[in-house]
S.K.: 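Before we start, here is the structure in question, set down as structure tokens.
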Amino acid sequence: MKSFDRPAKIFENEEALRDEWQPNELLERENELNAYHSALSPVIRGAPPKNIFLYGKTGVGKTVATELLLEQLESDADRFDDLDVSSVTLQCNSLNSSYQVATHLVNELRPSDRPISTTGYPQQTVFNFLWDELERIGGIVIIVLDEIDNIGTDDDILYELPRARANGYVENVKLGVVGISNDFEFRDNLSPKVKDTLCDDEIEFSPYNANELQTILNQRAKFAFQPDVLTCDTIPLCAAFAAQDTGSARQAIRLLYKAGEVALERGDERVNEHYVREAEAILRRKQIERGMRNLTTHGHVVLSAVTIMEMQNNTPARTREIYPEYQRMAKAIDLDPLVERRIRDHLRELSLCSVLELKEHNDGYREGSYFEYQLNTSTNTVINVLMDIDRLMPIVSPIKSKYG
DNA sequence: GATCCACAGGAAATAGTGGCTT
DNA sequence: AAGCCACTATTTCCTGTGGATC
């Protein structure tokens with residue numbers, strides 16, 4: 001067993017690079033913070049809060065801005081006896097209906113020893129639970145729905161919440177909704193009645209550019225690294241990678257963190273640009289591997305089919321070429337093959353999580369546009385991941401022994 | 001120029017699962 | 001246990017597209 005050594009000192013306080021680290025100020029977002037601040041300010045006067053809609057990609061400061069401002073607001077409100085302000089935040093990450101948002105909100109508000117089940121009740125019952133809980137809290141309650149775009153077009157909850165008081169469902173509580181969305185189009189797809197009520201104030205968070213990312217990274221690096229550990233091109237390169245890809249501060253910070261770890265592993269005392277490039281490749285591969293592991297069985301079989309076609313140099317391949325290969329493999333492991341339409345969806349999902357690379361063609365022979373798929377990583381990486389899945393053994397191990 | 005082909009993907013229907021109330 | 005309720009994954013049916021074909 002390798003011992004836990006303590007070689008070169010690189011990190012001073014690496015916690016500052018973790019996702020859960022909460023900075024006590026938000027850099028490069030003055031305009032957004034000002035707008036947000038004034039949208040919340042009616043609350044301190046005891047007025048019903050406005051409904052606020054934030055949108056922008058992940059990692060551009062929406063959630064941090066909300067945490068900082070609400071913390072400030074609640075502590076400022078404490079100074080006034082006639083003000084009773086509280087807030088609830090719900091991550092709507094994997095909640096794709098109003099019903100689920102409602103049940104999870106109820107559970108967020110209830111004492112944790114008597115949660116309700118997230119299925120089984122009629123929708124109206126769940127809403128009634130929700131009104132009861134909110135009424136119990138009273139005062140002004142700000143409800144933050146993070147990543148609310150996951151609920152798609154089922155937006156009942158966004159209609160009911162802002163109107164609960166007007167409709168007489170609650171009396172003693174004033175509700176404000178803060179909706180946070182990663183998806184710019186989400187707002188357009190809301191039903192008109194929701195758009196009216198929910199979108200009093202809209203604040204857009206744009207992606208960070210490379211300069212802004214550098215400012216942010218510099219500030220984190222001051223806490224995180226020993227002095228003079230970073231070479232002068234390290235932070236600019238991290239910033240450039242992240243700015244090019246998503247403009248996300250989270251991505252930039254993860255990259256910097258990883259680069260530090262790679263340097264540490266090599267026993268180097270400085271973090272230079274080579275480690276950044278290496279870290280970038282590692283993170284990209286990790287993301288793809290994660291995508292591959294989180295598939296359903298059918299997804300795995302589709303991936304296996306593309307893999308074997310790639311090894312036979314038959315890629316890029318289109319759906320109709322992949323489908324027979326998929327059918328053959330599914331039967332080989334005693335799985336009822338799905339219809340072709342469904343395979344289209346699976347292939348689409350695989351390219352969305354960057355496991356497959358997709359090429360669009362508009363120059364088709366006797367047809368309109370169509371797609372071709374191929375692997376986005378080396379066949380070895382894919383096979384290694386697929387080998388870990390027991391069910392796939394009968395189809396993957398022959399591939400491995402034949403070509404590996 | 002109308003019609004056809006083969007594809008992508010939307011929409012609605014269906015199957016199967018599991019929790020709820022009565 | 002019966003009758004609801006909602007969810008996920010899937011199937012079935014259908015529309016739109018853009019070049020090829022007649």
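Every chain is numbered from 1 and lettered A, B, ... according to where its sequence line falls, protein lines coming before strand lines. When reading the values below, keep in mind they use all heavy atoms of this one structure, side chains included, and skip hydrogens, waters and symmetry mates.
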S.K.: Is the positively charged end of A:R29 above the ring of A:Y208, judged by distance under 6.0 angstrom from the centroid and angle within 45° of the axis?
M.R.: yes
S.K.: Send over the distance from A:F127 CZ to C:dC5 P, rounded to a whole Å.
M.R.: 15 Å
S.K.: Looking across every strand, which nucleic acid part, if any, lies under 4.0 Å from A:S97 by heavy atom: base, sugar-phosphate, or nothing?
M.R.: sugar-phosphate
S.K.: Among the nucleotides B:dG18, C:dT8, B:dG9, which one has an atom lying closest to any side-chain atom of A:N96?
M.R.: C:dT8
S.K.: Rounded to the nearest angstrom, tell me the gap between atom OH in A:Y121 and atom P in B:dT22.
M.R.: 11 Å
S.K.: Roughly, in whole Å, what's the span from CZ in A:R318 to P in B:dG9?
M.R.: 13 Å
S.K.: Starting at NE2 of A:H104 and ending at P of C:dA6, how long is that distance when rounded to a whole Å?
M.R.: 16 Å
S.K.: So, is A:S117 close to the B:dC20 phosphate, meaning a side-chain N or O under 4.0 Å from OP1 or OP2?
M.R.: yes
S.K.: Compute whether any side-chain donor of one residue and acceptor of the other, for A:S98 and A:D155, lie under 3.5 angstrom apart.
M.R.: no
S.K.: Does either side chain, that of A:S38 or that of A:S41, offer a donor lying less than 3.5 Å from an acceptor on the other one?
M.R.: no
S.K.: A:E310 and A:T315: side-chain donor and acceptor closer than 3.5 Å?
M.R.: yes
S.K.: Output one line per pair: protein atom, nucleotide atom from nucleotides 9-12 of chain C, and distance, for all N/O pairs under 3.5 Å.
M.R.:
| residue | atom | partner | partner atom | Å |
| --- | --- | --- | --- | --- |
| C:dT10 | OP2 | A:R342 | NE | 3.0 |
| C:dT10 | OP2 | A:R342 | NH2 | 2.9 |
| C:dT11 | OP2 | A:V339 | N | 3.1 |

S.K.: Measure the acute angle between the ring planes of A:Y121 and A:F129, then classify it against the limits of 30° and 60° as parallel, tilted or perpendicular.
M.R.: perpendicular
S.K.: Looking only at the side chain of A:Q100 (C-beta and beyond, no hydrogens), which of the listed nucleotides B:dC20, B:dG9, C:dC7 gets closest?
M.R.: C:dC7
S.K.: For A:L358 and B:dG9, give me the distance from atom CG to atom C1', rounded to whole Å.
M.R.: 13 Å
S.K.: Could you state the atom-to-atom distance from CG of A:D156 to P of C:dC5 in whole Å?
M.R.: 15 Å
S.K.: In whole angstroms, how far is the P atom of C:dC5 from the CG atom of A:N128?
M.R.: 15 Å
S.K.: Establish, from distance only, whether the side-chain atoms of A:T381 and A:S378 form a donor-acceptor pair under 3.5 Å.
M.R.: yes
S.K.: Whole angstrom is fine here: how far is it from CD in A:Q124 over to C1' in C:dA6?
M.R.: 15 Å
S.K.: Need one value for A:T319: base, sugar-phosphate or nothing, where a base atom within 4.0 Å counts as base even if backbone is also close, heavy atoms only.
M.R.: sugar-phosphate
S.K.: Of A:I143, A:I151, A:L95, which meets side-chain contact (heavy atoms from CB on, under 4.5 Å) against A:I157?
M.R.: A:I151
